[in-house]
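Please read the structure below before turning to the comments.
These numbers come from a predicted model, not from an experiment.
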Amino acid sequence: MPTLTHHEAIAVLDLGDGENRFSPDFLDEIHTHLDTVVAEGAGALVTTASGKFYSNGLDLDWLAANGESATQYVEAVHTLFGRVLTLPMPTAAAISGHAFGAGAMLAIAHDYRVMRADRGYFCFPEADIRIPFTNGMAALIQAKVTPKTAIAAMTTGRRFGGPDAHAIDLVDATAAEGEVLTTAVDLVTPLTGKDQPTMTAIKSVMFARVLDALRGKD
């Protein structure tokens, strides 16, 4: 279950200690916490997780049992990506465990990413599990990485450890076990104090094409 705490002006959203898959209830809980983060005027947001996974992405079991709701489900996932992408404060993902598929996309939607150096994988497995990227998902990833990195990450299904993910700029920094969250908090702390409407406007312009793709306007 996601939980929200604070490190002074920094809001820290822990996604949970399981696989943290995007069930409809999980998505609702995340939005509720983001509502609080925005309403309280947090200086920055760091997301993390307390188990083996940062997030394993789409809830494929739920989707298999609710195929008639697939379109609405993907739209809900897109909505989360778009919201994180344009949150009105600096954001960082503290990736202390595996980030797969849509879980890695959630991390990509943040402004910054810090990954554990010695354990965990950052992976887009779509090429191997035969699930093509939606237009919105592809646009999100390609807006954040170079074409060379996009090819390496999106077409291979490769599992990148922290140092390799850092080497191709999938993440901005690595840290030792127990220091991932602290490193992410330290990264965004100097960036607090920004005006929320201004930050929203800047990010909405920066990522206008991604937002259109996520909303199905592409």
Side-chain angles (χ1 to χ4, degrees), residues 1-18 20-51 53-55 57-59 72-96 99 102-114 136-137 139-140 143-144 172 180-217:
M1 176 181 295
T3 56
L4 184 65
T5 58
H6 293 82
H7 288 233
E8 298 182 353
I10 312 300
V12 177
L13 177 57
D14 189 318
L15 301 179
D17 61 2
N20 305 328
R21 288 185 179 270
F22 295 175
S23 70
D25 287 343
F26 180 88
L27 295 174
D28 287 343
E29 291 172 2
I30 294 297
H31 280 296
T32 297
H33 286 309
L34 294 181
D35 288 342
T36 300
V37 169
V38 173
E40 293 181 346
L45 169 70
V46 174
T47 65
T48 190
S50 49
F53 294 89
Y54 173 77
S55 173
L58 300 182
D59 190 336
Q72 295 92 326
Y73 176 72
V74 172
E75 289 174 351
V77 172
H78 282 186
T79 296
L80 176 62
F81 293 158
R83 185 172 192 188
V84 172
L85 189 66
T86 56
L87 280 169
M89 70 278 295
T91 61
I95 309 167
S96 54
M105 294 174 207
L106 176 62
I108 281 283
H110 291 67
D111 297 329
Y112 309 100
R113 285 154 296 286
V114 177
M137 292 172 178
L140 170 63
K144 290 301 190 81
D172 300 279
V180 178
L181 177 58
T182 300
T183 301
V185 169
D186 289 346
L187 180 63
V188 295
T189 295
L191 308 176
T192 60
K194 303 294 190 267
D195 176 68
Q196 282 199 5
T198 301
M199 287 290 284
T200 297
I202 289 173
K203 291 183 180 183
S204 296
V205 170
M206 286 176 66
F207 300 115
R209 293 182 180 178
V210 179
L211 295 172
D212 282 348
L214 288 169
R215 295 165 181 161
K217 296 180 180 179

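Contact of the F207 side chain with the K144 side chain is registered, since non-hydrogen atoms from C-beta on lie closer than 4.5 Å. Looking at T91 and V188, their side chains never come closer than 4.5 Å, going by heavy atoms from C-beta outward. Counting heavy atoms from C-beta outward, P90 and M199 have side chains that approach closer than 4.5 Å. You'll find the side chain of T48 stays beyond 4.5 Å of the side chain of I95, heavy atoms only. With a 4.5 Å cut-off on side-chain heavy atoms, F26 and D59 do not count as touching. Residues V12 and L181 are in side-chain contact: their nearest non-hydrogen atoms beyond the backbone lie under 4.5 Å apart. A 4.5 Å side-chain heavy-atom check between Q196 and M89 finds at least one atom pair inside the cut-off. Using a 4.5 Å cut-off on side-chain heavy atoms (C-beta onward), L13 and L45 make contact.
Residues that satisfy the side-chain contact (heavy atoms from CB on, under 4.5 Å) test with A42, not counting sequence neighbours, are A11, V37. Take K203 and apply the salt bridge (Lys or Arg N to Asp or Glu O under 4.0 Å) test, not counting sequence neighbours, and it matches D111. For D172, the salt bridge (Lys or Arg N to Asp or Glu O under 4.0 Å) partners are R113, not counting sequence neighbours. Judged as a side-chain contact (heavy atoms from CB on, under 4.5 Å), and not counting sequence neighbours, the contacts of S50 are D14, D17. For H7, there are no side chain to side chain donor-acceptor pair (under 3.5 Å) partners at least two apart in sequence or on another chain. Among residues two or more places apart in sequence or in another chain, the ring-ring contact (aromatic ring centres under 6.0 Å, His included) test is passed with Y112 by none. Contacts of L140 classified as side-chain contact (heavy atoms from CB on, under 4.5 Å), with partners at least two apart in sequence or in another chain: F81, L85, M105, I108, A109, V210. Shown here are the side chain to side chain donor-acceptor pair (under 3.5 Å) partners of H33, two or more places apart in sequence or in another chain: there are none. Partners of D195 by side chain to side chain donor-acceptor pair (under 3.5 Å), not counting sequence neighbours, listed by chain and number: T198. Checked against side chain to side chain donor-acceptor pair (under 3.5 Å), S96 has no partners two or more places apart in sequence or in another chain. In this structure D186 satisfies the side-chain contact (heavy atoms from CB on, under 4.5 Å) test together with T182, sequence neighbours excluded.
When every heavy atom of F53 is checked against every heavy atom of N20, the shortest pair comes out as O-ND2, 3.3 Å. Taking both residues in full, the closest heavy atoms of Y54 and A99 are given as CD2-CB, 4.1 Å, listed atom of the first, atom of the second, then distance. Of all heavy-atom pairs between A213 and A139, the closest is CB-CB, 3.8 Å.
For the atom pair OG1 of T5 and CD1 of I10, the computed distance is 11.5 Å after rounding to the nearest 0.5 Å. Expressed to the nearest 0.5 Å, how far CD of E75 lies from CG of L80 amounts to 14.0 Å. Taken to the nearest 0.5 Å, the CD atom of E29 stands 5.0 Å off from the CE atom of M1.
Of the possible polar contacts, one joining the Y73 side chain to the F22 backbone as a donor-acceptor pair under 3.5 Å is found.
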side-chain contact (heavy atoms from CB on, under 4.5 Å) between L34 and V84, intermediate numbers included: CA-CA 9 Å; L34 294 181; V84 172; 4.3 Å; yes

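By the 6.0 Å contact criterion, CD on E8 is open, its count of non-hydrogen atoms from other residues, nucleotides or ligands being 12 or less.
Sorted by first and then second residue, the side chain to side chain donor-acceptor pair (under 3.5 Å) pairs with a member in residues 79-89 read H31-R83, D35-R83; sequence neighbours excluded.
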